[in-house]
Trainee: 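Have a look at the structure that comes next, please.
Keep in mind the model is a prediction, meaning the values are calculated, not measured. Letters A, B, ... are given to chains in the order of the sequence lines, protein chains preceding strands, and every chain is numbered from 1.
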Protein chains: 2
Amino acid sequence: MNAILRRKQHKAELKTQILAAAREIFVRDGYESFSMRKLAQRIDYSPGSIYLHFKNKEELFESLVEESFDRLLRALNRLKNGHAHQDPVAKLKTGLRAYIDFGLRNPNDYRFAFLLRRPLQRRPYKVHPAFDVMRYLVGRCVEEKRFRPVDVESTSQALWAAIHGITSLLIQRPTFPWVARRQLIDQVINNAVDSLMLRPDQEEETGVSHAQPSGV
Amino acid sequence: MNAILRRKQHKAELKTQILAAAREIFVRDGYESFSMRKLAQRIDYSPGSIYLHFKNKEELFESLVEESFDRLLRALNRLKNGHAHQDPVAKLKTGLRAYIDFGLRNPNDYRFAFLLRRPLQRRPYKVHPAFDVMRYLVGRCVEEKRFRPVDVESTSQALWAAIHGITSLLIQRPTFPWVARRQLIDQVINNAVDSLMLRPDQEEETGVSHAQPSGV
DNA sequence: CGTTCATAGTGAACAACGTTCATTATACTG
DNA sequence: CAGTATAATGAACGTTGTTCACTATGAACG
């Protein structure tokens, strides 16, 4: 009776164990050298066994991405709810920074989610809830008259483009002679956000974009 | 005597023929379903023959990328040299737009160049000459006092991030509910550039960023 | 306790992959 | 025509993802 329940539970545990092992191999060896057989060997099962839990490699990957996205989403939501007193612009900037940091700290997740070409783009992924947070934060800035009356949707998309751009470039082209990483990220964020502000002449916070030419 | 020359020429022709076929397969079937064997079959040679011209699959890809980059670079240089009378800011914006348009019109080239994960990033590619154009255009804006005295290098990199972001997102996530494409591109460019201008209160050209909320 | 039966797990098999290499065909030179 | 350098082959190797007929396992029931 409850034996079947224990079975189900065991199966679920096994599934998460597979995911954990997969993530580890993936992080250690990279995407292209990951293989179902290596994974099977790692968890001491036969290759076929993995297919009891996942339809195929693609679906296994999707599960990993979903996990990662949930983490990003949770981080963003924590941010959205906390710091209630904070200036909405500061909050937006913090959110943008959180997104970038997430990508840089979890480059494989980010690659999964945005960089890897998927054969025929099945589900549109769960970008949308994360993007909702962006819309919300931008909306707040407009409502509280910190931004010009810009279109929330297109502004959110433009901001996403900016932060996705710097995130993916830093991940994918680590050997390019970038300027100091923090400085660059700040500049991208400030450039993107400041031009939306109602009084762009107020210039605290934009520090680095006024830096003297340094000839890096 | 000149027979060996004809041989060399024939070999070169064959190489370009291989590249053309590879590009076609790649464009039609996508990256993951491209294979050396398919390519060989397509050009009516045995699989081994390709290895007379390319060390391996990776090197073949690199060649394709290089071709693509040369095309982008030529497009940008044409822009840099032409339109001498134009305002440097307008010229920069035109350049940014040209970059994005190139990516959208040649998505596979762009994928090759920036999106595909390369196993262990050997040569740093020829991004640099293209990036030089960006540095030059930004430098002109600063010299002619159209920009604040920003750091040219970090500003160029931040701008690159913005246009790479929108380009890659539009290529890679075509099903996302984007706002009108031109509007979005304009907004990304204007947001990124306008915050650098010396007199950000001048607001001709930024049209769309002032649009009323449309609830798209 | 012995039988039944769903399920978990196996591992051999398949087709396709990138790559190598001994072998053969080709086309030029002397 | 003989000799030779090069072009091209295709069989082979070790992978890969995935399938499937099969066996082992362990709970349920008479």
Trainee: When we call it a touch if two heavy atoms are under 4.0 Å apart, what does B:F54 touch: a base, just sugar-phosphate, or nothing?
Mentor: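 If one applies the 4.0 Å heavy-atom cut-off, B:F54 turns out to touch nothing in the nucleic acid.
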Trainee: With a cut-off of less than 4.0 Å, is there a side-chain N or O of A:S35 near OP1 or OP2 of D:dT16?
Mentor: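 For D:dT16, OP1/OP2 do have a side-chain N/O of A:S35 under 4.0 Å.
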Trainee: Is the distance between the ring centroids of B:F34 and B:F61 less than 6.0 Å?
Mentor: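 Centroid distance B:F34-B:F61: below 6.0 Å, so yes.
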Trainee: Rounded to whole angstrom units, what separation is found between the NZ atom of A:K11 and the C1' atom of D:dT25?
Mentor: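 Whole-Å distance recorded here is 15 Å.
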Trainee: Rounded to whole Å, please give me the gap between CD in B:E59 and C1' in C:dT19.
Mentor: 14 Å
Trainee: Name the residue closer to the 5' end of DNA chain C, choosing between A:S49 and A:R37 according to the nucleotide with the nearest heavy atom.
Mentor: A:S49
Trainee: Name the residue closer to the 5' end of DNA chain C, choosing between A:G48 and B:S33 according to the nucleotide with the nearest heavy atom.
Mentor: A:G48
Trainee: Only one of A:R23, A:K15, A:R74 passes salt bridge (charged side-chain N to carboxylate O under 4.0 Å, His left out) with A:E67; say which it is.
Mentor: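 With A:E67 as partner, salt bridge (charged side-chain N to carboxylate O under 4.0 Å, His left out) holds for just one option, A:R23.
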Trainee: C:dG18 P sits how many Å from B:M36 CE, rounded?
Mentor: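 The answer, rounded to whole Å, is 7 Å.
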Trainee: Starting at CG of A:L52 and ending at P of D:dC20, how long is that distance when rounded to a whole Å?
Mentor: 14 Å
Trainee: Measure from the side chain of A:N56, starting at C-beta and using heavy atoms only, and say which of C:dT19, D:dT9, D:dT18 lies closest.
Mentor: D:dT18
Trainee: Is there a salt bridge (Lys or Arg N to Asp or Glu O under 4.0 Å) between A:K80 and A:D132 once you walk through the steps?
Mentor: CA-CA 11 Å; A:K80 175 180 156 192; A:D132 282 342; over 6 Å; no
Trainee: For the rings on A:F69 and A:F102, is their centre-to-centre separation under 6.0 Å?
Mentor: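 So the answer is no for these two rings.
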Trainee: Whole Å only: how far is the CD1 atom of B:I25 from the P atom of C:dG18?
Mentor: 11 Å
Trainee: Please report, rounded to the nearest Å, how far the P atom of C:dG18 is from the OH atom of B:Y51.
Mentor: 6 Å
Trainee: Can you tell me the pairing partner of D:dT16 across any strand shown, Watson-Crick or G-U wobble, with both distances under 3.5 angstrom?
Mentor: C:dA15
Trainee: Quickly work out the A:L14 CG to C:dT7 P distance and round it to whole Å.
Mentor: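 From A:L14 CG to C:dT7 P: 17 Å.
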Trainee: To the nearest Å, give me how far apart NZ (B:K57) and C1' (D:dT16) are.
Mentor: 12 Å
Trainee: Counting side-chain heavy atoms from C-beta on, which of D:dT18, D:dT9, C:dT10 comes nearest to A:Y45?
Mentor: C:dT10
Trainee: Among B:L14, B:N56, B:L60, which one satisfies side chain to side chain contact (heavy atoms under 4.5 Å, CB included) with B:I50?
Mentor: B:L60
